[in-house]
Amino acid sequence: MHKTTQTLGEFIIENQRDFEFANGELSRLLNSIRLAAKVVSYEVRRAGLVDITGTVGATNVQGEEQKKLDVFANECFINTLTNRDIVCGIVSEENEEPIHITGANNRNQNKYVVLMDPLDGSSNIDVNITVGTIFGIYQRVSPVGTPVTMEDFLQPGNMQVAAGYIAYGTSTMIVYTTGQGVNGFTLNPAIGTYYLSHPNIQVPEMGRIYSVNEGGYVHFPKGVKNYIKYCQREEEDRPYTSRYVGSMVADIHRTLLQGGIYMYPKSSEREAGKLRLGYECNPVAFLLEQAGGRATDGFRRIMDIKPEHIHQRVPFFGGSTQMVEKAESFIREAEDDARKTEIEV
Ligand code: AHM
Ligand code: MG
């Protein structure tokens, strides 16, 4: 039974023994994410007060160089993760190439790889809407003592040892999993401590909210269009409610707590959708599954997809199991119909 006053620091230590490779390193890694998130949270909170969202390279009235918040968040997470001799490589949405970390005395002894989106949905900063950090953590597959390789960065999501997000919303929250369920912690900014506010999060098996950028409707595949129409039809418990923030972390956070389905399909304009497999879809899929939900690309389990590129995109359907399965059935049916028509012609 969790105490409601338990802090994130206490929780990490108490649950360390649950990790398969419990030697304290993953705990230290999670601690460094916890710390960087506090610094980023502080800057996000100041975004409306100081003109920190200005262009990169511009100077403010104090003559200091201004950084966009996503650049700031990227540097903050990279510096914090690099300084602790735990991580051997980082993939970030902000960096074209992976970052290789040789660690103390250049001996390549560090074991973990982190894939992250340091500030997702950052276009929402200027309009005071929730943004987030998303991260997935893997053990390297190449031998310790040798330089990190591309293979370490291109592992399927089912190899994640931990994953989570930080939501910079009305409050700052860390929600993460190490494969033993999902827990959420809320930051008390006055004292800089995170408290366990959402123990053992379970996504309801069925929800009543569908979440998709319907502006793209005409470009969506037939099956997705049919499913959206199904959500809107007046029948049984429908029409469902529509909610779409446009910040994946915010939309997923709501889905985890209230149930529903979140979709970013492929379209005639974007053949693999928009979201990134490595540092957006896989961490979120791990969280959803750990909370009893489901995440697929319409056909395949997200976490079973073998990545080919570090910035690969993939269609995404995630949330309440029953809703995601329903969407999949519409997608499959439309594909089957299309195949049948092809054969007839
Ligand atoms: P970003 O990584 O450039 O911020 O884009 C990712 C974001 C997600 O947070 C969000 O779900 C999606 O883009 C919204 O895209 P759209 O504006 O096409 O609906
Ligand atoms: Mg992103």
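Position 1 is the first residue of the sequence, and the numbers go up from there. All values below come from the heavy atoms of this structure, side chains included, with hydrogens, waters and symmetry mates left out.
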Margin query: Let me check something: do Y112 and I174 share a hydrophobic cluster, defined by ILVMFWY side-chain heavy atoms less than 4.5 Å apart, either directly or through other members?
Written below: yes

Margin query: Once rounded to the nearest 0.5 Å, what's the spacing between atom CD of E43 and atom OH of Y168?
Written below: 11.0 Å

Notebook entry, point to check: Looking at D85 and A104, what are the two nearest heavy atoms and their distance?
Noted result: OD1-N, 3.0 Å

Check: Is any side-chain N of the basic residue among K222 and E335 closer than 4.0 Å to the acidic one's carboxylate O?
Finding: no

Check: What distance separates N74 CG from K68 NZ, expressed to the nearest 0.5 Å?
Finding: 14.0 Å

Next item on the list: Determine yes or no for a side-chain-to-main-chain donor-acceptor pair under 3.5 angstrom, with N31 supplying the side chain and S27 the backbone.
Entry: yes

Notebook entry, point to check: According to a 4.5 Å side-chain heavy-atom criterion applied to Ile, Leu, Val, Met, Phe, Trp and Tyr, with indirect links allowed, do I209 and Y240 form part of one hydrophobic cluster?
Noted result: no

Note to self: Quick one: does any side-chain atom of D251 pair with a main-chain N or O of V245 as donor and acceptor, under 3.5 Å?
What the structure shows: yes

Checklist line | Any side-chain donor near an acceptor of the partner, N95 and E97, under 3.5 Å | finding: no

Check: When the ring planes of F330 and Y230 are compared, do they come out parallel, tilted or perpendicular, using 30° and 60° as the limits?
Finding: tilted

Next item on the list: Evaluate whether atom CE of M206 has more than 12 neighbouring non-hydrogen atoms of other residues, nucleotides or ligands under 6.0 angstrom away.
Entry: yes

Notebook entry, point to check: Quick one: are R208 and D237 in side-chain contact, heavy atoms under 4.5 Å?
Noted result: yes

Checklist line | Donor-acceptor pair between E280 and Y264 side chains, under 3.5 angstrom | finding: no

Note to self: Return the CG to OG1 distance between L288 and T177, rounded to the nearest 0.5 Å.
What the structure shows: 11.0 Å

Next item on the list: Determine, for R28 against E25, whether the closest basic-nitrogen to carboxylate-oxygen distance falls under 4.0 angstrom.
Entry: no

Next item on the list: Would you indicate whether the side-chain heavy atoms of M116 and I33 approach each other to under 4.5 Å?
Entry: no

Check: With side chains defined as the heavy atoms from C-beta onward, is the minimum distance between V113 and I90 less than 4.5 Å?
Finding: no

Item checked: Closest contact, heavy atoms only, I125 versus A47 -> CG2-CB, 4.2 Å

Note to self: Quick check: is L35 connected to L8 through a chain of hydrophobic side chains (ILVMFWY, heavy atoms under 4.5 Å apart)?
What the structure shows: no

Next item on the list: Assess the side chains of T149 and D152: does a donor N or O sit below 3.5 Å from an acceptor N or O?
Entry: yes

Checklist line | Heavy-atom donor-acceptor pair, Q160 side chain to G157 backbone, under 3.5 Å | finding: yes

Check: Taking all non-hydrogen atoms of both residues, which atom of A163 and which atom of P283 are closest, and how far apart?
Finding: CB-CA, 3.7 Å

Next item on the list: Consider only side-chain heavy atoms of I, L, V, M, F, W and Y, link residues closer than 4.5 Å, and tell whether L30 and V40 are in one cluster.
Entry: yes

Check: Nearest heavy-atom pair of L81 and S32: which atoms, and what distance?
Finding: CD2-OG, 3.5 Å

Notebook entry, point to check: Side chains of H219 and S268: is there a donor and an acceptor less than 3.5 Å apart?
Noted result: yes

Check: In terms of heavy-atom contacts, does OH of Y217 have more than 12 from other residues, nucleotides or ligands at under 6.0 Å?
Finding: yes

Next item on the list: Indicate yes or no: at least one non-hydrogen side-chain atom of I261 is less than 4.5 angstrom from one of Y227.
Entry: yes

Next item on the list: For the pair K326 (side chain) and T321 (backbone), establish whether a donor and an acceptor sit closer than 3.5 Å, ignoring hydrogens and angles.
Entry: no

Item checked: E205 to S320 - nearest heavy-atom pair and separation -> O-CB, 3.3 Å

Check: Just wondering, more than 12 heavy atoms not from N106 lying within 6.0 Å of its CG?
Finding: yes

Checklist line | CZ/R45: more than 12 non-hydrogen atoms of other groups inside 6.0 Å | finding: yes

Item checked: 4.5 Å side-chain heavy-atom contact, N183 and L196 -> yes

Next item on the list: Check the side chains of N158 and D304 for a donor-acceptor pair under 3.5 angstrom, ignoring hydrogens and angles.
Entry: yes

Next item on the list: Answer whether the closest heavy-atom distance between the side chains of I331 and V224 falls below 4.5 Å.
Entry: yes

Notebook entry, point to check: Do Q180 and Q290 get their side chains close enough for a donor-acceptor pair, meaning under 3.5 Å?
Noted result: no

Check: Under 3.5 Å, is there a donor-acceptor pair between the side chain of N188 and the main chain of A190?
Finding: yes

Checklist line | Backbone of S142 reached by a side-chain donor or acceptor of R140 within 3.5 Å | finding: yes

Margin query: Tell me whether T186 contacts the main-chain N or O of S171 through its side chain, where contact means a donor paired with an acceptor under 3.5 Å.
Written below: no

Note to self: Looking at E289 and F286, would you say the former's side chain and the latter's main chain have a donor-acceptor pair under 3.5 Å?
What the structure shows: no

Margin query: Measuring only between side-chain heavy atoms, which start at C-beta, is N110 closer than 4.5 Å to I86?
Written below: no

Notebook entry, point to check: For the residue pair F153 and I99, what are the closest heavy atoms and their distance?
Noted result: CZ-O, 4.0 Å

Check: Mind checking whether Y279 and H311 have parallel, tilted or perpendicular rings, split at 30° and 60°?
Finding: perpendicular

Margin query: Let me confirm one number: the CD-OG1 distance from E93 to T133, rounded to the nearest 0.5 Å.
Written below: 11.5 Å

Item checked: In one Ile/Leu/Val/Met/Phe/Trp/Tyr side-chain cluster, 4.5 Å: V284, Y176 -> no

Next item on the list: Mind checking the CZ-NZ spacing from F220 to K225? Nearest 0.5 Å is all I need.
Entry: 9.5 Å

Checklist line | Member of Y194, Y165, F11 meeting the ring-ring contact (aromatic ring centres under 6.0 Å, His included) criterion with F185 | finding: F11

Margin query: Checking side-chain polar atoms at under 3.5 Å, does Y210 have a donor or acceptor matched by the opposite partner on T241?
Written below: no

Margin query: I want to check something: taking the side chain as every heavy atom from C-beta on, are T130 and N124 in contact at a cut-off of under 4.5 Å?
Written below: no

Check: Is E235 atom CD crowded by more than 12 heavy atoms from other residues, nucleotides or ligands, each under 6.0 Å away?
Finding: yes

Check: Looking at F316, does the NZ or CZ of K266 lie under 6.0 angstrom from its six-membered ring centre and within 45 degrees of the ring axis?
Finding: no

Notebook entry, point to check: Are the charged groups of E328 and R294 less than 4.0 angstrom apart, N to O?
Noted result: yes

Notebook entry, point to check: Are any side-chain N or O atoms of S247 and backbone N or O atoms of A250, one a donor and one an acceptor, separated by less than 3.5 Å?
Noted result: no

